[in-house]
Amino acid sequence: MRRIVCTFVVNGVTRELLVETNALLSEVLQDDLGLKGVHVGCGTGDCGACTVLVDGLPVLSCSTLAVTVRGKEITTVEGMANGTKLHPLQESFIEHGALQCGYCTPGMLLASKRLLEINPSPSRQDIKDALAGHLCRCTGYNKIVDAVMAAAEGEE
Amino acid sequence: MFFRALRHFEFFEPKTVAEANELLLSYGHQASVMAGGLSLIQTMKTGEKKPEAVISLQKIDSLKFIDSDNDQDLKIGALATIRSIEKSREVQKHWAVLVQTARCIGSVEVRRMGTVVGNLCDGTPASDLATILIAMGAKMRVTSSGAEREVPLENFCVGPHQTVLEEGEMVREVRVPSLGDHSFASYVNLARTKPDITKVSVGVLVKNQNGACGDVRIAVGAVAPVIVRVRKAEELLRGEKLKASTIEEAARLAQEDVVVRPITDIRSNAGYRKEMVRVLVERALTDVVDKMNGAHAH
Amino acid sequence: MKDTMNIVGKRVVRSDSLAKVTGRARYTADLKMPNMLVAKVLRSPHPHAKILGIDLSGALKTPGVKAAVSGFDGFGIKWGVFRYTQDHAMLPTDKVRYIGEDVAAVAAVDEETALEALSRIRVDYDPLPAVFDPLEAMREGAPIIHEQYKNNINIHVHIDVGEMDRAMESAFLVREDTFKAAGEAYAMMEPYAVVASYENGFLDLWMPNAGPHVRAKALSNLLKIPLNRVRVRHINSGGAFGGRSEVAPGDLVASLLSIKAERPVKLVLSREENATSSRQVHDIIATIKTGMSKDGAIVAKDFRVVYDGGAYSSTGPIATSIPFYVYEECYRFSNVRYNGYRVITNKGIRGMYGCHGRAFLAGNEAQMDMMAKELGMDPVEIRLKNGLTSGEMTATKSRITSCGLKETIEVTAAKTDFQKRWPKTPKLEGIGMGCIAIMCGFPMGFRSGSSCYLKINDDGYVTLVTGVVDNGQGNESMVIQAASEILGVPMEDINLVNADTEITNLDPGAYSQAAAFVSTNAVKIACEKARKQIVAIAAEKLGVAETDIALKNRLVYSVEKPEKKMPISWVAREAFARADPIAATGTFFPNIDLEREWLSRPWGQMAGTFSYATSVAEVAIDPETGKITIPRFTAAHDCGRAINPMAVEGQIEGSVQQAGVAAITEGNLWDGCHLLNPDLLDYKVPLACDMPEIEAIIVESDDPVGPFGAKEGGIAIRMNAYSAVGCAVTHATGVLFKELPLTPDKVFEMLEKGTEVEG
């Protein structure tokens, strides 16, 4: 097989696409679906910028064949807000100045979303460990950890 | 259709191990097996691998398991992810050292995508899991069309990224012997940042025989083309009480063992690595003693 | 003024945050245009080789290929920031000088086709002997990489002030040490990308850049297109840190391809290409000889610093000078000799870095601690003793107009209980302090200033036009915040049009830490002019004195009788009716001695002002493995006035990571001409879990010229955080550190050496 008709539920919308088997998930999301929030930083799974949620779990889209996640629900940062209402983590990142160049931000947000689902009241260390696969070159991570802590506290 | 980092290939998703074996046989060296995909996709991006066919195991449900038959061997199927080991209650309870080892590997995302068997098949001498699993005496179950064989993990790699797998073969599962009440294992490693590729690692398994050291296995990672056992140190310990001075001597023997012949590379240098073998063997054995004492206290 | 401000000084939400948390922020690789082609570059496999010929015909015959270019398609012009550094063709026709150098390129309908075409380009090389070590390159008989640079010395900065030799001879205490540091990778999270679109004689370009105007100038020269037809456009940048200030070879490649193909062309570098073939940071070897008097005053400094410059000049004279200047802007010494050599080697191209000069700066600081110890002083005392104060002159005659160095030293010392802990920390625990100053803007000739234009639309909303550049620091938000304060409208009412060479005027860019002091001053001046117009009309309409007018919440009102008020939009409409719309231009040019030249006249006022900072690192060392942990970092920054304290803290925290923690993890590793860690796995950018607890402290010295008193905010920590770590490790081990990064193997050696000394 070189091409497969695939169905993905991307940010809640069902999309049917003819996907080349060699296409990476990041490529399909960026090129075919125009999702700018998917950022490829390294292409080797070392920086975490390309992270998306597949059935709710953070996955490195630069290292995933798109056809292998057909039939699944994919959430990118564009799908975090509920209409115009931002996700509490998005609100918190804004409020705490948890971003600078913004390139790592989508991956940070999606990984934090998952973290708070399984650990609603994390310690600072829990957050730092959960985000260990997400490189940020600008912030020193401090305000990112602040933002996730605050979002967790707000949820309780 | 602008950016496609990978070249075209035929893609197969067999539903059974037998189907996978047949595909492997017909494509031979032109085929690459994909479990989690992390390592394969990287090597395809760099051009180290240019497979004609990629055979994904992901649809073979029978490979998605972590089983332990009533406290006996732990069986980890080819699709079990590293993350699933961390999360398994059975593993947490009876093979806690594997959970601790798993956490040294990459990020949560990498562990969620990467499989245990895939990590072992990658054949790097810096594999955290392989180091502890060799100490624990794990075995690989290898299948091919109509045949199945078992290879001790210790003999599985013949060089960096080179395994004994032959054309048409794949690993179905890895089996880890039960630790029982009397065996204690420990894993220690050094890396540059917290989750990172290991620069030196030591896995130790000690069987407690009436307060002395019974069977013992010490595996050292990232100091030779394959993970090695330091047998002189093991011999010294067998039958001995694990006193501080004995541990120190064993650690020295480990450092001086001829199989320990590290190289200088981007992650560390040879002299430092050799020194650290001693430090880590000492730490791992000390940890085992602590665990023995802890178990005794209970 | 502080108490009367509504927006400046507040922790406001950055103007770009919403787009960045929702994925709407656009980066270069996101751009899509009709008929756009994908470009791929053929790179040199040789560190040094003559180009005998380049045959593109095979590539051009490949179906789907629309253009192929090499240097022979250009004008044979070499770019250099200075007249005497014009050595970089970007696509060479004579020789290749490093592995990974751009040699030829294709534009095709898709990536696979482009790659196929690349494999059909034939380049005939004649390999030449190469040299990779700067000290070897300086020796007689070493292979010469550029004919014009004798002994491969690209730049020699020679500064000689006072009577160094005599002062050194008469010094009470003299010490000489040599420090080395591996060059770092910028490791911006966004790999380099560029889109070029040539149409009707206009060249449009998008790329992450820190200075669109300088970039446009280079391309205008290289392509012989007038500046008003080279339009470098605004786009988000995924980090720069100094590495995106200069024109990149990819800019020329994409432009030439687009001109040939008459279609838009996109070039996206891989992470590896970004490391090998965009820019890197200089490796440095610094020999530092210091003479001190008995009371700890620095009486003489003799420096010899060698910078591995890679294959081309880049901003050579600046890079060779800056570590010295930031040091002399911090400490008082009147007898100094500085010999800085930038040496060409067959390695990748290098540029300025936000943390530039760590071997030199950390070396000076750690050596000072060793000398202080001999004199019975502690690090705090010796720094207070030698630190410059407001009103003083630096060795090369720059006047300091505001200086919070003392306060930053005192506050970090107090917060960490430094002086109490220093004499009695347990073995293998250490505490170290690093200080530095930095100029707010380098002298860039007529490019040193900034201009801003603004208009108030007939609905009262504001359009602000300035060359200010944002690479993530928050510069865009900063100028909007300043305008909002002066014009009395909320930040969201202001539309910023910036960093687009078609409309914006010259600006230093996000280079030389000039955005707060220079660019924001220009914005402030423009806004104040517009405000004057508003006030005049409103005073007349409301029948109150101009001095009684205030602007807030989109209203103009009387302070005495607040019921007398009118919306700013009414004033704007009135102004249109009077044929004098509310529009203003503001220009700020800092007080710089324009006669100053990096090589020929290295003295005179360097910059309009200088910012100051002190970092304190606490370390613990594992005695058996040499592994360092940094549990706590305290950093205080005199940024004049924090326009947005949250943004300044973010800069400080990022600096602790990029300079401080990096001092134990980061460095490019080379095997001759091969970069061994061009990725993010083996180049160790510190992770979240590697980070210390950070206390970021803002010190406000209220600069007399800075906008609202503001100076640069953040880079100063970037230039001293490694010093704090180097000093702390020296303190913990009792052995002067000699090399960065302080990886465990190096610390292990230090520990063994320490034992020998004690033994």
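In what follows, chains are A, B, ... by sequence order, proteins preceding strands, each numbered from 1.
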Heavy atoms only, distances under 4.5 angstrom: which of C/Thr625, C/Leu687, C/Asn677 has the most pairs with chain B? Name it, please.
C/Thr625

Cut-off 4.5 Å, heavy atoms of chain C, and the answer for B/Leu190 is side chain

Residue C/Asp679 versus chain B: region with a heavy atom under 4.5 Å:
neither

In Å and rounded to the nearest 0.5 Å, what is the OH to CD1 distance from C/Tyr683 to B/Ile266?
13.0 Å

Looking only at heavy atoms and a cut-off of under 4.5 Å, which of B/Glu282, B/Glu275, B/Arg7 has the most pairs with chain C?
B/Glu275

How about CD on B/Glu240, more than 12 heavy atoms from neighbouring residues, nucleotides or ligands closer than 6.0 Å, or not?
yes

Measure distances from B/Arg267 to the heavy atoms of chain C and classify the residue's part below 4.5 Å as side chain, backbone, both or neither.
side chain

Cut-off 4.5 Å, heavy atoms of chain C, and the answer for B/Lys199 is side chain

Look at atom CD of C/Glu262 and say whether more than 12 heavy atoms of other residues, nucleotides or ligands are closer to it than 6.0 Å.
no

Please flag which part of B/Arg273 lies under 4.5 Å from any non-hydrogen atom of chain C: side chain, backbone, both or neither.
neither

Side-chain donor/acceptor of C/Lys684 to backbone N/O of B/Asp196, under 3.5 Å
no

Heavy-atom pairs under 4.5 Å with chain B, option from C/Thr743, C/Asp682, C/Leu676, C/Thr113 with the top count
C/Asp682

Is the shortest heavy-atom distance from the side chain of C/Ile664 to the side chain of B/Arg192 under 4.5 Å?
no

Taking the side chain as every heavy atom from C-beta outward, state whether C/Glu749 and B/Tyr272 have any atom pair closer than 4.5 Å.
no

Using a cut-off of under 4.5 Å on heavy-atom pairs, state which of C/Leu681, C/Asp671, C/Leu669 scores highest against chain B.
C/Leu681

What pair of heavy atoms forms the shortest contact from B/Arg283 to C/Glu624, and how long is it?
NH2-OE1, 2.9 Å

Is B/Ile197 close to chain C through its backbone or its side chain, or both, or neither, when contacts mean heavy atoms under 4.5 Å?
side chain

